[in-house]
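Structure record follows, encoded as structure tokens.
Convention: sequence-line order gives letters A, B, ...; per-chain numbering from 1.
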Number of protein chains: 2
Amino acid sequence: MARSGRLSPGGDQRESGRQQILDVIRAAESIARIDIAKATGVSPATVTAITAELLAAGLIEEIAPEVAPGARRGRPRVALRIRGGAHRIAGLKVSHHVISTVITDFVGQELASHEMPLVQGTMPVPELCAQIRRALELTCTQGGFSIEDLSGVGIGMAGMIDAERGFIYWSSSLEERNVAFSAAITAELPCPVFLDNDANLVAKAEHLFGEGRTCDNFIVITIEHGVGMGIVIDRQIYRGTRGCGAEFGHTKVHLEGALCQCGQRGCLEAYVGDYALLREANISSGSDRHRTIASLFQSAENGDAMAKSILDRARRMFAMGLANVVNIFDPSKIILAGARLSFDYLYSDKLIEEMRQWVVQVDAPLPEVIVHDWGDLMWAKGAAAYALEEVTARTVRELANAAA
Amino acid sequence: MARSGRLSPGGDQRESGRQQILDVIRAAESIARIDIAKATGVSPATVTAITAELLAAGLIEEIAPEVAPGARRGRPRVALRIRGGAHRIAGLKVSHHVISTVITDFVGQELASHEMPLVQGTMPVPELCAQIRRALELTCTQGGFSIEDLSGVGIGMAGMIDAERGFIYWSSSLEERNVAFSAAITAELPCPVFLDNDANLVAKAEHLFGEGRTCDNFIVITIEHGVGMGIVIDRQIYRGTRGCGAEFGHTKVHLEGALCQCGQRGCLEAYVGDYALLREANISSGSDRHRTIASLFQSAENGDAMAKSILDRARRMFAMGLANVVNIFDPSKIILAGARLSFDYLYSDKLIEEMRQWVVQVDAPLPEVIVHDWGDLMWAKGAAAYALEEVTARTVRELANAAA
DNA sequence: ATGATTTAATTTGAAACTCAAAAAAAATAT
DNA sequence: ATATTTTTTTTGAGTTTCAAATTAAATCAT
């Protein structure tokens, strides 16, 4: 039972230092050596040594100091930043009707993006692999480079996924269950592949680039067709032992409740997810009037009592679910990510107020609840963020091996 | 934002190694140097160096090798173990009617225990401090030593407690809210005090001495008057940002549900806790027939339909709560701790079966559910386990400072 | 018995790492 | 120009860890 992070036997012992400094540079976007020293507690001498290595490896670069930094005495600080050109990274989100892809540089800047429609949502493994490869190629072409130029690919899918093993217990995109999907797709692509549940990837994106940058413990909740959750504890995605935790959407909120798409009853998702609301609206009105949430929401705005009551219950159930998350995790932040949150039944003062009622009362401020709308590419960017982090870790590890 | 665990600037850099090796020795109870090396990945040379230090400091000791260890060639291994005499540790559990105390040696072996009745359950801070001191003195006297001999005291209380700050948001034992209780009690005692929520402490005890020894991620659930939870992630108690997470008992399981002692509605505790069951039984039967859970349980056994239905619902609610914990945490083990679990409405194949129904289905084995009955001293032992761990950490830190 | 063999623990010496202090670099202030 | 200030780099000392060699303490084989 070797444990990581304590004594590091054999070879190069600087790996953690390199990783730490790279993290700080990435978080700061640009930062001088002296500030890295202050931020990390590492001595300036060591910062110089490590940054010199990273520079030599091409992972970071110096920024030419501005001409007039404004009456500051002494040797001017030279800012460092991640070198965008060091790697190209792709992120893909596989959903039912489309594969969206984004390609970023090593900084995380978008270089190209693309949406590829899917004719059928559920398919066999080889077919999905082929589609993923095609989506990647199309996006690369659009950006003017080749798939060979990628250093890593992140893939996000809805379903139960053990990220560590690259194993898919179940996904709505696959006909088969229990597939070692990483192995399959890796064989198709010329670079490492990193696979995870889509909600975890959004959490990763929030951590690296979004509202979670300044925050060590937070929770991301995504609402779309289904309800997802990503948990960040101590700067790390929490995945559970089988890799299938954080199933917030399938948390039970009612003993003999509404039927969920997962086949069980009483799941939160069956009260809050798109399909659940539309189903109830259409059944109740005995018609197929509502095809989108926007339409249902509009009806409620126009004073339709039934629509109102449906959205009302969704909000109360959601508030209850959120309160349970706070009661269990006590996170410092809850980030509601995605476009759906712009409908105010899901985010409003009323929601927060109801949540407060259900959270165990202490005389300390509630966790902050934030809405963050990333736009359409949110999921793909999340996948890219994950790949970015993993490629960084690998590169640092290779550096260590090279040094030893 | 200095981060711990990576580069360790200044002074002695061996602290983590010492702690790691001490942890391994404690977990193994007794172990030879060569096996420490294997278990940790640290080289035998370094193990020799560090264990020599720990021996010199009196924290560990060698065990004289057995005479005939059974046909094993080569130099016989010399086992090391924690030296019980190194420290004396006390653990207290403050509950409504009694303060139970246990004193252990540095190994965790019980040296003395005592129960001191409390006339009134809720009292002002100075009064509780005085009672705690008295309980400690009585227990020390019983063990034949003095309160001055203690190296640390752990205290567990029901309520919302921020362990890190030693701050009590609310506890049923205290008249005041928002008390810096650690500071108050530390002033009364000649040694460091470590305060935490009682369920967390049981988790700590399971981790150090119980079912959690071989397990990095598990959850402990305690049921008594109320329902508590302790979460261990990566060998560490998870406490949340305000220190008041893991409120499993106040997780909401019903939108407009039963009234809980916390004043809210729909808490799991209001369906599963002792007081909730008795309340319902007595209201329903219009009498005061049932004064204990045992009596209610007996009625159900004898075929009383009402009693049966009450316990039935409790079990179903509990199963649903457990399923939610699995859906969110995906732990490798769930430990149900405490005597109450011997009533089979709370633990039975039926419960597990119901839980399985509510857990999101994947083709991977469910987390193990284990019942562990510690007897009366469970809570106090948990408090002692916490103090033991903290005293160990402090001692190691002092060793580091001494070396530097 | 006695030497060969095996396994555990310790010692030794080299390599790596971090840091404090000193030095160098590069600007502004006077 | 020279002094001052601030950042970065260099230098050298002190730790720490490890691989390899050595020592220790047992059993096995003859």
Ring geometry between A/F329 and B/Y238 (parallel below 30°, tilted from 30 to 60°, perpendicular above 60°):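 Aromatic pair B/Y238/A/F329 classed perpendicular.
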Identified side chain to side chain contact (heavy atoms under 4.5 Å, CB included) partner of A/H87 from the options A/T392, A/D105, A/L59, A/L150: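 One option only clears the test, and that one is A/L59.
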Tell me: [atom1] of [X] to [atom2] of [N], nearest whole Å?
X	N	atom1	atom2	answer
A/I34	C/dA20	CD1	P	12 Å
A/L399	C/dA16	CG	C1'	16 Å
B/I50	C/dT10	CD1	C1'	15 Å
B/R33	D/dA25	CZ	P	12 Å
B/E62	C/dT10	CD	C1'	12 Å
A/L55	D/dT8	CG	C1'	13 Å
B/I36	C/dT10	CD1	P	11 Å
B/R72	C/dT5	CZ	C1'	15 Å

Candidate nucleotides D/dT6, C/dA8, D/dA26, ranked by approach to the side chain of B/P76 - the nearest: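 Selected nucleotide (nearest to the side chain): D/dA26.
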Options C/dT18, D/dT7, C/dT10, nucleotide nearest the side-chain atoms of A/R14: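 Selected nucleotide: C/dT18.
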Least distance between heavy atoms, A/I50 atom then A/G17 atom: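 Distance-wise, the nearest heavy atoms are CD1-C, 4.0 Å.
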Smallest separation among heavy atoms of B/P192 and B/F194, with atom names: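 Scanning both residues completely, I find the closest heavy atoms to be CB-CZ, 3.7 Å.
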Which residue lies more 5' along DNA chain D, comparing B/V47 with A/T51 via nearest heavy atoms: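 In this pair, the answer is A/T51.
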Expected rows: protein N/O vs nucleotides 21-25 of chain C N/O, under 3.5 Å:
unit_1: C/dA25; atom_1: O4'; unit_2: A/R75; atom_2: NH1; d: 3.4

Taking 4.0 Å as the cut-off, does a side-chain nitrogen or oxygen of [X] come that near to OP1 or OP2 on [N]?
X	N	value
B/R73	C/dA8	no
B/T48	C/dA9	no
B/S43	D/dT17	no

By salt bridge (Lys or Arg N to Asp or Glu O under 4.0 Å) - contacts of A/R242 (at least two apart):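 Result, salt bridge (Lys or Arg N to Asp or Glu O under 4.0 Å) vs A/R242: B/D330.
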Give the table of side-chain donor-acceptor pairs shorter than 3.5 Å for residues 383-391 of chain A, with sequence neighbours excluded, one pair per line with atom names and distance.
unit_1: A/E389; atom_1: OE1; unit_2: A/K204; atom_2: NZ; d: 2.8
unit_1: A/E389; atom_1: OE2; unit_2: A/K204; atom_2: NZ; d: 3.1

Reported CG-to-CZ distance for the pair A/L208 and A/R213, which is rounded to 0.5 angstrom: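 Rounded to the nearest 0.5 Å, the CG-CZ separation comes out at 9.5 Å.
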